[in-house]
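Notes to accompany the following structure.
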There are 2 protein chains.
Amino acid sequence: MAVHIDACQYKIMNISKTTCCAPLLSGGLTPDEAVNLAAIFRVLGEPARLQMLSLIATQPNQEVCACELAAPLGLAQPTVSHHLKVMHQAGLLERERRGTWIYYRILPEKLAMLRTSLA
Amino acid sequence: MAVHIDACQYKIMNISKTTCCAPLLSGGLTPDEAVNLAAIFRVLGEPARLQMLSLIATQPNQEVCACELAAPLGLAQPTVSHHLKVMHQAGLLERERRGTWIYYRILPEKLAMLRTSLA
DNA sequence: TCCTTATATTGATGATAGTCTATATTAAGC
DNA sequence: GCTTAATATAGACTATCATCAATATAAGGA
């Protein structure tokens, strides 16, 4: 059975593999780098996802169970699952299964990489 | 005659006015802040726009004439005009008319603000 | 095995937005 | 005023994507 991956997801999956990124203001951004970098910014270009990151950051253990996100965000469970998947594939979150639950943590290196890309 | 402004543009226009932004990882991002911050990231979530910024940064005077962008990017003139408008409204670019031509410069403060928002 | 709960996937829908052609506007020079 | 060149806008088309209800899968306990 073939796994279906659309163009956008494939693009996002490649992000984690790329070392990325020539600082924007230093110039010389290649078209490929632009595509990869833009894909990550597009992931952040969604209020619900930013609030998820903020919520995770406020937790004492810096992690959150997926089941805890739907209520404060006012979103349906599949929507939360979708956003978590997008951010995980973009390399912004790491996930760990503990029993029935799945916990997500922020990968600060990815955010640091974005910060330098804006320098 | 009424000026037509759609919801997205209105959101973007508000960005420049907002002081913004509680650092993401410090938590406590309000829904409004999330909307404003996401709107700016969405502006950066477009390869063509990132390449425009990169192109401007490589210029000796740190500025570029709108007329010089279409060719290297392989885009039509109205498309370039659209992207420049979006970035200008988002507070990423400043514009100066000199005769028939319009020159754009990057506003580094806005990028700095984004960097801190990722901290 | 069955039941319950958590998470993921599917498929549909509506909204957003990037792109183009065609046209309008603006500015400068004659 | 007229002409030319630069920029902006309008409108159409398309692709992407956020969202949901419905359903499937995964994991643990009785």
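As the structure is a prediction and not an experimental result, all values here were calculated from the model. The sequence lines fix the lettering, A, B, ..., with proteins before strands; numbering per chain opens at 1. The basis for the numbers below is simple: all heavy atoms, side chains too, and nothing from hydrogens, waters or symmetry mates.
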- Derivation of the side chain to side chain contact (heavy atoms under 4.5 Å, CB included) call for Leu84(A) and Arg49(A): CA-CA 8 Å; Leu84(A) 289 171; Arg49(A) 293 199 273 259; over 6 Å; no

Output the single nucleotide from [options] whose closest atom is nearest the side chain of [X].
X	options	value
Ser81(B)	dT9(D), dT19(D), dC20(D)	dT9(D)
Pro78(B)	dG18(C), dA8(C), dA8(D)	dA8(D)
Ile102(A)	dA6(D), dC20(C), dT7(C)	dT7(C)
Ala66(A)	dT21(C), dT7(C), dG18(C)	dT7(C)
Arg97(B)	dT9(C), dA21(D), dT26(C)	dT26(C)

Within the structure, does a side-chain N or O atom of [X] lie under 4.0 Å from either OP1 or OP2 of [N]?
X	N	answer
Lys85(B)	dT9(D)	yes
Thr79(B)	dG18(C)	no
His83(A)	dC17(D)	no
Thr100(A)	dA27(D)	no
Arg42(A)	dA15(D)	no

- Message: Any heavy-atom pair between the side chains of Pro23(A) and Thr116(A) that's under 4.5 Å?
- Response: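 When only atoms from C-beta onward are counted, Pro23(A) and Thr116(A) do not touch, as no gap falls below 4.5 Å.
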
- Item | Heavy-atom check, side chain of His82(A) versus side chain of Pro78(A), under 4.5 Å |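 Contact flag for His82(A)/Pro78(A) side chains = no.
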
- Task: Identify the two heavy atoms, one from Leu118(A) and one from Arg115(B), that lie closest to each other, and give their separation to 0.1 Å.
- Result: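 Smallest interatomic distance, heavy atoms only, reads O-NH1, 2.9 Å.
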
Rounded to the nearest Å, what distance is computed from the [atom1] atom of residue [X] to the [atom2] atom of nucleotide [N]?
X	N	atom1	atom2	answer
Trp101(A)	dG29(D)	CH2	P	8 Å
Leu84(B)	dT9(D)	CG	C1'	15 Å
His82(A)	dG11(C)	NE2	P	16 Å
Arg49(A)	dA18(D)	CZ	P	4 Å
Arg98(B)	dA28(C)	CZ	P	13 Å
Arg95(A)	dT7(C)	CZ	P	9 Å
Glu96(A)	dA27(D)	CD	P	14 Å
Gln51(A)	dA18(D)	CD	P	15 Å

- Message: Counting the atoms with a prime plus P, OP1 and OP2 as sugar-phosphate, which does Tyr104(A) contact under 4.0 Å by heavy atoms, base, sugar-phosphate, or nothing?
- Response: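 Answer is sugar-phosphate: Tyr104(A) comes under 4.0 Å of backbone atoms only.
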
- Is there a donor N/O on one and an acceptor N/O on the other, under 3.5 Å, for the side chain of Gln77(B) and the base of dA6(D)?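 It does not, because no donor-acceptor pair links the side chain of Gln77(B) to the base of dA6(D) below 3.5 Å.
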
- Query: Do Arg98(A) and Glu63(A) sit within salt-bridge range, that is, some charged N less than 4.0 Å from a carboxylate O?
  - Reply: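 Glu63(A) and Arg98(A): salt-bridged.
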
